[in-house]
Amino acid sequence: MIMEDMINLKINGMPVRVHKGTKILEAARLLHIDIPHLCYHPDQRIKARCRICSVEVVGKKRLLAACATECWEGMEVFTDTKVVRDTQRGILQLIMADHEENCLTCPRNGNCVLQQLCSRFNILRPNLTHVAEHLTVRTGNPSLVHDPEKCVKCGRCIRVCKDVQGIEAIGFAGRSTGLKVTTPYEDDFAKTDCVLCGQCTVVCPVGALVERDDTDKVLDAIFDPAKKVIVQTAPSVRVALGDAFGLPDGSIVTKKMVAALRMIGFDKVFDTNYGADLTITEEACELIDRLKNNRKMPMTTSCCPAWVNFVEKHYPGEIEHLSSTKSPMSIFSAVLKTQYARQEKIAPENIFSVAVMPCIAKKYEARRPELGKNGNFDTDAVITTRGLIKLIKYIGIDFVNLQEDEFDDPMGESTGAGAIFGTTGGVMEAALRTAYEWLTGREMPTLEYTPVRGFEGIKEAQVKIDKYNLKIAVVHTLKNAALVMNKLQVGQCDYDFIEIMACPGGCVGGGGQPVTTTFAATKKRMSALYEIDRSSKLRRSHENPYLKKLYAEFLVSPGSDKAHQLLHTCYQARTKEFDF
Amino acid sequence: MENIKYITENFGKYDISSIDSYMSIGGFEALRKAVAMDGDAVAAVLSEAKIKGRGGAEYPMGRKWSQARVVKRPHHCVVCNADEGETCTFKDRELIKNDPFNLIEAIIIAGWTVNAEDAYIYLRAEYACLRPRIINAIQQAEEHDFLGKNILGTGWSYNIHLYSGAGAYVCGEGTALIRSIEGKAGRPRMKPPFMKQSGLFARPTCINNVESLSIVPHLLRNALPYMQAGTKESVGTKLISVGGNVNKPGVYEIPFGISIRDIIYDLAGGVQEGRNIRLIQFGGASGKISDDRILDIPYSYESFAANNLIIGSGSVLVIDERTSVIDFLRYTQDFFLHESCGQCTPCREGNRHIRIFLEKIKNGIHTDEDIRTMKTFATVMPMSSLCGLGETAQNALKSAFTIFPEVFTVKKSAGGI
C-alpha cells in the first residue's frame, strides 16, 4: 500500500483512513455507519439524485451527497447534526407525500428500502399534503409488473437496463413533478425492447418494479386434492435462498430447502439439475452433430430464457444459432408429464408442475405454446427464489434450524455438471465434459475447466478435442451478448460454441434472486456452485443413472428422433412484439 | 443621468449584416491584438477588470479562462451560453441583435486564450429569430479567415457551431446545457467532473455568458473607459434588464455604483402611474427580493452582498403595490414548478409543496405548523438539491421571510382556539 494513496478524515469526530477516491458513504461504512441512501447501489455508477445521503462537511455551505463525494485529506464529516437530520428526514417526507401508501398490500412489504428508512427516521404521520396521482399499473406480460405510483425515481432500474443489459427498455420521461420512469411511447413491455430479464426487479428499492406473483397459484394447486403438485428447483436457488434468512452470502442450503418445500406441501421435491443433465446430454450431442455435419455454426446455448427472448427480438435473423435443446426447466417438465406420469400411473393433467427459478423470464418461457400440448403447459407455475422465500415465511418455517432432507427419487438425482448450470461458464464446462468423452472415448484429463470460470464479461478459450480445435466463448449480460452478436451478424465471429446468460454472473445473479443480490453476493454463489460440483460423486451429466435409464427405456439415445420430439424446441423470429 | 456606452458602444454604428461594415469601425482589431498576446496575458486583462460571470453565477472570468487554458487534456472547447432564461432578463438578446460580430470576435478570442478547437453557441429556443444573423456572422467570419484553418496566420484552427435549445430554463445550467447539445435530455449532472476538466462531449470546456464574452473585445481595444467606470470592487459597466411595472422597461448599460433609485426612477422612468413599489426582484426568478428600503444603495456586487441581494443576471423586476407579495411568490413558485428537471427529490417534490403552502397562505387557511414546515423545506431544498436551480429556487421566498414577515403570520380568528 503506497502511503500517498491514503487519506485521513473524520466522520462524526471519529478518525478513519481510506484509499484515495473513496466516497464518504463508503468511508462511513468502515466506521459501521450506514448513511441512508436510495439511489445508490454498489454495482452501479453514481446517480446522486435522491439526495437522502446528504451530509454536512465542515467548510461547505451546502450539504454534500455522501454517495458521490470523494473524501479528501483532513475532511470533517457529520452525518447526524440537526440540519442533516432535517434534510434527510425532509427528503423522506417529500418522497412519502408522492408515494402510494399501501405498504400492507405491497409486494415489497417487509423488504422495502423506503419502508426501512421511514422506520429509521421515525416518520409517524405525514406533515405534507398527499400529492400522489393515480397511475396505471403496467401488467400485460407474464413476468413483470410496473407500478409507477410506487416509484421513487431513483433510476436504479434504468441504469441496470442500460449499463448492464444494454437494452434501454425504460428511461426517464417528463420534467419536474411529471418526471417518470416509463417505456418508449409508454408502450407495454411486450412492444418494447424488454426481454424480461428482471434485473430491474432486483435493484428496485421499492415495489415499483416487481415480478408477477404466482405463489397463490401454487398454494391453490397444493390445496386441490386432485392435483399431484411436483416441484423442481433450479441450481442457483439453493445458494441464494439462505441470504434471506440471515445466512452468509453463498451459503449452500440445498437440504434445508428440500425440507422446507416438503413442509410447504409439495408431493414430490425434484431437482432441475436433473433437467440440466438432460439438457447437457442433448446439447453436447447437438454440438457434435453440427460439427460433424457442417451445420449452422456457432451453436449457442438456449437455457437462458431472457437470452432466447433477446435473440428472437433483437437478432431474429440469427435464431438458427440457438441450440434446439429445451432448457433444463422445460426439459424436466416435458419428461415429468410424459415418462414420469406413465411410470407413476398419473394422468398428466393431474400433475401440477412447479418450478422454483432465479428468474422471471422463466415465467414467460413456461407460457410458450411450443412448450406444452393442446393448450396445457408442461410447466404450470414458475415462482422465483423470492416467491419461495414468501412461501417459507407464510408457512412460518424456522428455515435456519430445519432438519435437512433429501430430494425424491428418481428426478432428484443429478450430477455436479448439472449444478454448475447456475453460473456463467457452467453450461460450457458441463457440455465440454460430456462432449470430450463422446468425441475421444476418454474422460477429460481434468474435469475442472478453469478458463471459462470467473466474472469477466466475455471469456474465450480454445479446446482441442479429438481432431477438432474448438473455439469457445462464455458471455454474460446482454450488453456483452450484443457485442458478440453484432460480430456474428457480419460474419466476424469464428467461435464454434458460445454460452450466453443474460444476467450478470449467470442465474446466481438472476432477475428472480433476492433483492439483496449484488455482484459480491453473486460471486460467492458462484463459488458455492463449484463447491457443490467438487463434492458431487458424479460430475458428468451423461453419468446420471436415471438419465441413462430414461434413454434405455424410452428415448433410445441422445439425439434420437424420440429425444428430438420430447426434448427439443423451436424459436420464432419476432418483430418487437411478444405474444403474451 | 450621464449616458455611458461601453459594452453597447457598437449598437447602431454598423450594418449588422456586413463584416466589412464591422471592420470599418475597428472590428477584429481586438482579435489581432489577442493573437499577438499570450493567453495568460489575455486572462490577466479580464482579472484586472474584475469581470464576474454575467449569466448569474458571478464566477470570476479571468480565473475561469486561466484555469481552462492549463487543463492538460486535449480538444478544448468554448461554449457561449445564450440560453438567457432568467425571468425579466433580455440583455443578451440585445447584444446578439445589435452587435453579433462583436460576440463572434469575442468567442474567437476565448478560443485562442483557452487553446480551444471548437466553440458552440447555445441559443435559447425563444431566440430563433436571432439565428439568421448569428449564422451570417459566422459565415462571413469564415470567409474572412477569422474562423477555419490557420486563423490570421497563427496556424491555429477554430470553428463555431450554433445550437438551439428546446425551451427549458434549466438548460442555462452548464451541465444541462452540454447534455442538451449532446442530444441528451437537458438535465443537470453532479459535479465533479467540472466543466473545465470534462464538459461538452467529455472535452475540457470553458463556458461563458453572452454579456461576459461581449465585454472582451472592447476591453482589449480600449480598457481605460471601462476601468475608470464603476466602483473599487465592481469595475466597469453592466447591462441591466429593467422590467415590470415601470414606465420605460428595457436594457440599459450603467456604470456600477449608481443607485437603484436612479435605475428605476431615472432610466426606467419611474413606476407606472406613480404607484408605490411593493417589491423588487434582482437577478431573475432565482434572485432575491427587497422592498423600497434599498432604493438608495449602490448597484454593485459589494453593496448587494451587504444587503443580502444578488446581482445575478442583472435583471431588475419592479412590482408595484397592486400585486401582493404572496401572489408574486406564487407566480415565482409556478415558474420553478414548471422548470425543475425533476431528477432530484428536493427540487422535484419541494417546489410543489412550497406552492401548496403558498396557496394556503393566499387563502388564509395556514397554520403555524404550516409556516414552520414551509421554512424547513425552504432550507432543505437549497441545502441538498443537485444543481443550482434547486439551490436558488427558494431565494425569493427566503428573502420574503425577512423582508415581509407580516405576510406569513397566522391570523387568529375572533373565536380563538
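The shown structure was predicted, so the numbers you read here are calculated from the model rather than taken from an experiment. Residue numbering restarts at 1 for every chain, and letters A, B, ... go by the order of the sequence lines.
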>> Any heavy-atom pair between the side chains of A:D86 and B:T379 that's under 4.5 Å?
In response: no
> Out of A:I52, A:I91, A:T177, which one racks up the most heavy-atom pairs below 4.5 Å with chain B?
Replying inline: A:T177
>> Could you measure the distance from the CZ atom of A:R49 to the OG1 atom of B:T345? Nearest 0.5 Å is fine.
In response: 8.0 Å
>> Once rounded to the nearest 0.5 Å, what's the spacing between atom OG of A:S176 and atom CD of B:Q343?
In response: 12.0 Å
>> Can you tell me which portion of B:R187 sits under 4.5 Å from chain A's heavy atoms? Options are side chain, backbone, both or neither.
In response: side chain
> Do B:E391 and A:R51 sit within salt-bridge range, that is, some charged N less than 4.0 Å from a carboxylate O?
Replying inline: no
> Quick one: what part of B:T373 sits under 4.5 Å from any heavy atom of chain A, side chain, backbone, both or neither?
Replying inline: side chain
> Distance from A:L94 atom CG to B:C347 atom SG, nearest 0.5 Å?
Replying inline: 10.5 Å
> Looking only at heavy atoms, which two atoms of A:C50 and B:P346 are closest? And how far apart?
Replying inline: O-CD, 4.2 Å
> Side chain, backbone, both or neither: which part of A:V152 has a heavy atom under 4.5 Å from chain B?
Replying inline: backbone
> Which atoms of A:K180 come close to chain B, meaning under 4.5 Å heavy atom to heavy atom: side chain ones, backbone ones, both, or neither?
Replying inline: neither
> Quick one: are A:T87 and B:F377 in side-chain contact, heavy atoms under 4.5 Å?
Replying inline: no
> Side chain, backbone, both or neither: which part of A:I46 has a non-hydrogen atom closer than 4.5 Å to chain B?
Replying inline: both
>> To the nearest 0.5 Å, what is the distance between CZ on B:R355 and OG1 on A:T129?
In response: 12.0 Å
> Got A:R175 and B:H338 here, is their nearest side-chain heavy-atom distance under 4.5 Å?
Replying inline: yes
> Please walk me through it: do B:S385 and A:R62 pass side-chain contact (heavy atoms from CB on, under 4.5 Å)?
Replying inline: CA-CA 9 Å; B:S385 289; A:R62 301 178 65 207; 3.9 Å; yes
> Non-hydrogen atoms of chain B under 4.5 Å away: do they reach the side chain of A:A173, the backbone, both or neither?
Replying inline: backbone
> Looking at side-chain heavy atoms only, is the closest gap between A:I95 and B:E349 below 4.5 Å?
Replying inline: no
>> Does any backbone or side-chain atom of B:I356 lie under 4.5 Å from a heavy atom of chain A? Answer side chain, backbone, both or neither.
In response: side chain
> What part of A:Q93 gets closer than 4.5 Å to chain B, counting heavy atoms only: side chain, backbone, both or neither?
Replying inline: side chain
> Among B:R348, B:E339, B:R189, which residue forms the greatest number of heavy-atom pairs with chain A at distances under 4.5 Å?
Replying inline: B:R348
>> Heavy-atom count check: over 12 atoms from other residues, nucleotides or ligands less than 6.0 Å from A:E133 CD?
In response: no
> To the nearest 0.5 Å, what is the distance between CZ (B:R372) and CG (A:N127)?
Replying inline: 11.0 Å
> Is B:R352 salt-bridged to A:D98, cutoff N-O under 4.0 Å?
Replying inline: yes
> Atom CD of A:E56 and atom CE of B:M383: how far apart are they, to the nearest 0.5 Å?
Replying inline: 6.5 Å
> Which atoms of A:K60 come close to chain B, meaning under 4.5 Å heavy atom to heavy atom: side chain ones, backbone ones, both, or neither?
Replying inline: neither
> Tell me, side chain or backbone of B:P382 under 4.5 Å from chain A's heavy atoms, or both, or neither?
Replying inline: backbone
